[in-house]
Amino acid sequence: MQDNLVVLYWYDRNSRQLPWRTAPADILSGVKPDPYHVWLSEIMLQQTTVAAVKNYFKLFIKTWPTLADMANAEEEDILKAWAGLGYYSRARNLYKCAKFVQLHHNGRFPEEEERLLKLPGIGPYTAAAISTIAFGRHAAVVDGNVERVLSRRHALLTELPALKAEVKPLMAEVTPHDRPGDFAQAIMDLGATICTPKSPACGICPWMDVCEGRKQGIADTLPRKAPKKVKPTRRGMAFLLSDARGRILLRKRQDKGLLAGMSEPITTHWADDAAMADLSHAPITADWVRTPKDVKHTFTHFHLEMSVWQAQAPAHYDEPDGYWWSAPDELEGEALPTVMMKALKAGSVI
DNA sequence: GAACCGTGGTA
DNA sequence: TTACCAAGGTT
């Protein structure tokens, strides 16, 4: 039996049931995956675990059953539904992509990798994944799992990210022309469950006999990567201003950069040397009370420590343009990123 | 190529 | 507690 088919048959026996996945038995009997589901799941799964994605995927499918439904939605509702999942540019590109495909592709995703690559939020990995998983086209899908599995399989010593270019042709070569989509998912499942970053279960791997990394005893050291840089710690303050009814004043963040387009209570700029207790930064003069616990949160490239302050607005206070009051039972439905939810929880508002 | 862009689970 | 890591894309 060919090496690659060993992995495909392993997948046939061990495929996980996932809300967006068409089971191998169904693929074999001719069932076609829904490209909308494949696309949505692949966007959500970018740098995000299966466990974190599951419920978001179900909610999105329930709220917007078709691509047309999503294209006709309001961006604000997409951001609200995405809140907590992270990498928020994905949500905005998701919406742009839905509208673009609806308008320029008659509501149907293109099947070819090169055309998918032109769509917002779809890069080399996702284009290949959609083309092969949704449409059965032959494509070399290279994600972090594939890089890890193949770098071990061939004992590749090249460091990431240069390794990716080396893995791509190897993946193209090993991917079968029959069921290429299932093969891609098989390698990714293998990477997620057996060929794991730490302590890989080489003893039960379908590729144990052909793995050069295992033969050389270096499998668990691959793929090689440059050492990570130390994350700086930035600091700031959050101000939970409430009205007489206990509603919290919110606003929308800027259009670009960190947490772009998401909602937040009033916050200061976050900087390395920022103060944690300088009330000259407060939006209004009031009896600000600091919550007992600061918020600690880690983003992709820095740590954040934020003090949280609470006060009630004076009776005559009018909210500035672009700001709005959100009642306690409405806050869960706002487009609030996790770090902002932490601030609200620190103030016992949620 | 490298910086930027979230979050939750895990060891 | 801290650091690593996950089905990457954009600039």
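Ring pair A/H105/A/F100 is tilted by interplanar angle, where 30° to 60° counts as tilted.
When atom types are taken as modelled, the side chain of A/K252 and the backbone of A/G261 share a donor-acceptor pair closer than 3.5 angstrom.
Counting non-hydrogen atoms under 4.0 angstrom, A/W82 reaches nothing in the nucleic acid. Among the heavy atoms of the strands, none lies under 4.0 Å from A/L94.
Between A/L119 and A/D143, the residue anchored closer to the 5' end of DNA chain C is A/D143, taking for each the nucleotide with the nearest heavy atom. Residue A/S41 is the one, among A/P120 and A/S41, whose nearest nucleotide of DNA chain C lies closer to the 5' end (criterion: closest heavy atom).
Taking atom CG of residue A/L116 and atom P of nucleotide C/dA7, one finds them 21 Å apart after rounding to whole Å. If you measure from atom CZ of A/F57 to atom C1' of C/dA7, you get 13 Å, rounded to the nearest angstrom. Between the CG atom of A/D294 and the P atom of C/dT1 there is a distance of 13 Å, given to the nearest Å.
The ring of A/Y56 has its center no closer than 6.0 angstrom to the ring center of A/W82. Here the two rings, on A/F239 and A/H281, have centers that are 6.0 Å apart or farther.
Set against C/dA7, B/dA3, C/dA3, the side chain of A/V50 has C/dA7 as its closest nucleotide. Comparing C/dC5, C/dA7, C/dG8 against the side chain of A/K225 picks out C/dC5 as the nearest.
Using modelled atom types and a 3.5 Å distance limit, the side chains of A/H297 and A/K342 yield a donor-acceptor pair.
Residue A/R148 places at least one side-chain N or O closer than 4.0 Å to OP1 or OP2 of C/dA6.
The same atom, C1', is picked in C/dG8 and in B/dG1; the two are 16 Å apart, to the nearest Å.
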Exercise for review: Tell me, with the steps shown, if A/Q46 and A/T126 meet side chain to side chain donor-acceptor pair (under 3.5 Å).
Suggested key: CA-CA 8 Å; A/Q46 289 168 2; A/T126 308; 2.9 Å; yes
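Between A/M306 and A/D294, the closest side-chain pair of non-hydrogen atoms is not below 4.5 Å.
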Check your understanding: Tell me, for nucleotides 5-11 of chain B in 5' to 3' order, what letter each nucleotide earns: B for a base near a protein heavy atom under 4.0 Å, S for only sugar-phosphate near one, - for neither?
Key -> BBBS---
